[in-house]
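Lettering follows sequence order; numbering is per chain, from 1. Note that these values count all heavy atoms, side chains included, but never hydrogens, waters or copies made by symmetry.
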Amino acid sequence: MEDMSGYPHELTGENTPMVSFKNVRKSYGSLVVLDDLDLDVTTGEMVSIIGPSGSGKTTVLRMLMTLEKINGGCIYVDGKPLTHMPKNGGLVPANERHLRERRADIGMCFQHFNLFPHMTALENCMEGPVHVLGISKAEARDRSEELLELVGMINKKDEHPSRLSGGQQQRVAIARALAMRPKVMLFDEVTSALDPEVIGEVTNVIRGLVDEHNLTMLMVTHQMGFARDISDRVCFFYGGKIEEQGSPAELFGNPQRERTQQFLSAVREAV
Amino acid sequence: MDIFEFLVQYWPRILSGVGVTVAQFVLAAILGIAVALTMGLLKLSTNKVLKGFAVTYIEIFRGTSLLVQLYWIFFVLPLFGFSIDKFTAGYVAVGMNIGAYGAELVRGGILSVPKGQWEAALAINMSPAKRMWRIILPQALINMLPPWGNLMIELLKGTALISLISVADLMFVTKQINASTFLSAQAFGIALIIYYILARFLVTPFMRWLERFMARKMGRA
């Protein structure tokens with residue numbers, strides 16, 4: 001087992017990041033997907049992750065959502081270890097109970113929405129609050145309707161996902177994730193499966209979240225313009241590492257690394 | 001004796017046989033669904049012992065004859081100290097047999113639910129059990145309803161075998177009437193028609209209704 005003695009049981013101090021990846025490694029067999037990733041995201045920050053496919057960017061979000069196990073290092077959320085738990089004075093890989101406790105801070109939206117097809121939009125949003133958080137149905141309904149209002153889907157609250165367009169489904173999915181009151185929201189290529197004309201309705205919702213809420217957000221996207229508009233920081237991933245990161249103005253306006261320049265010019269040509 | 005005279009004379013006995021057949025069918029169906037669900041879930045378990053148990057069960061009950069299983073439960077188990085009355089032995093044998101087939105349907109239905117549904121359920125922090133019960137199984141059920149319809153008809157027809165351990169079902173009553181009257185064409189003709197009516201006008205419409213009901217729940221209707 002990996003020696004975890006170098007990793008603290010808790011991150012403390014005034015500038016404790018909301019999310020912290022420390023030397024995180026991920027591989028599938030001999031294929032290394034992420035190589036010693038170090039990434040801190042401060043509370044309320046919006047970080048976009050861009051890069052070519054296969055660069056490990058989606059894996060970053062999936063590890064944070066605990067959909068993928070990590071092979072080394074440690075991830076902290078809100079100062080506490082997510083992938084590990086303290087035991088006998090050391091850190092050991094987290095069990096299901098620890099994961100359930102720590103996962104409560106994180107919400108995620110997927111490329112293909114993944115709404116529950118046997119439930120209406122409202123029921124999708126109420127499911128977690130009622131059956132995971134255990135709050136009353138009436139309260140969960142109020143909370144969910146408020147969020148469906150926020151994403152502009154209140155008039156479709158009683159529709160099943162099969163009756164909604166992709167953009168509408170994705171907005172419900174955002175409401176469903178927010179209903180759990182996460183501290184960190186993850187957006188995994190949330191506009192990639194959408195028709196071009198409805199992308200705006202989803203990006204506008206995310207834009208609203210940046211303005212109104214003190215949410216920490218990580219977003220994997222192929223929409224460079226959107227990333228440039230709303231991010232506090234942009235990370236360019238290449239070959240399982242952060243090749244370059246900086247403010248949108250720096251990274252898009254004056255990229256330093258050759259691979260970043262190549263990637264951005266290739267993307268611009270494609271548009 | 002024409003068929004109407006035959007019916008007039010024997011309908012009370014035939015009806016009591018139909019009653020037993022329907023009761024056997026319903027009890028076997030309930031047991032079969034419970035067994036199918038249990039074994040289907042166990043077969044998907046990562047625990048090797050539980051999985052092995054389900055695999056063995058399914059192999060035995062699918063790989064051997066229902067009639068032999070029935071005789072085992074009714075005639076052989078008492079030799080080991082487990083005595084079961086014939087009515088119970090009847091639906092237990094049929095239900096356990098159909099459950100083995102149903103287990104494969106349950107397993108297939110669960111595997112047919114897209115991976116994204118598991119991930120979305122995990123992302124709202126559901127426990128593994130809630131993910132299965134509230135998100136995966138309802139969708140799996142919809143996927144596996146059409147083959148379940150077939151299985152239910154197989155089950156109804158399978159109940160005729162219990163007449164061989166003297167449960168007074170439709171088949172048993174028919175054989176009795178035949179033995180005392182030698183009106184074979186009328187007796188077995190009526191039995192044939194009643195089994196067809198039960199399958200075609202009760203079981204099949206009920207399963208169709210269930211499919212439509214579930215489709216409405218999915219907002220597809």
Below 4.5 Å from any heavy atom of chain A, which atoms of B:Gln139 appear? Answer side chain, backbone, both or neither.
side chain
Atom [atom1] of [X] with >12 non-hydrogen neighbours under 6.0 angstrom:
X       : atom1 : result
A:Tyr28 : OH    : yes
B:Phe82 : CZ    : no
A:Glu10 : CD    : yes
B:Phe87 : CZ    : yes
B:Arg62 : CZ    : yes

Taking every non-hydrogen pair under 4.5 Å, which of A:Val132, A:Leu99, A:Ile106, A:Thr66 racks up the most with chain B?
A:Val132
Pick one of side chain, backbone, both or neither for [X], based on which atoms fall under 4.5 Å of a heavy atom in chain B.
X        : result
A:Phe116 : both
A:Glu159 : neither
A:His131 : both
A:Leu133 : neither

Return the minimal non-hydrogen interatomic distance between [X] and [Y], and the atom names on each side.
X        : Y        : answer
A:Arg176 : B:Ala120 : NH2-CB, 3.5 Å
B:Ser127 : A:Arg100 : N-NH1, 3.3 Å
B:Arg134 : A:Met119 : O-CE, 3.9 Å

Is there a side chain to side chain contact (heavy atoms under 4.5 Å, CB included) between A:Met65 and B:Glu119 once you walk through the steps?
CA-CA 9 Å; A:Met65 191 68 256; B:Glu119 296 184 346; over 6 Å; no
From [X] [atom1] over to [Y] [atom2], what is the distance, rounded to the nearest 0.5 angstrom?
X        : Y        : atom1 : atom2 : value
A:Arg103 : B:Ile124 : CZ    : CD1   : 11.0 Å
B:Leu122 : A:Asn114 : CG    : CG    : 11.5 Å
A:His118 : B:Gln117 : NE2   : CD    : 7.5 Å

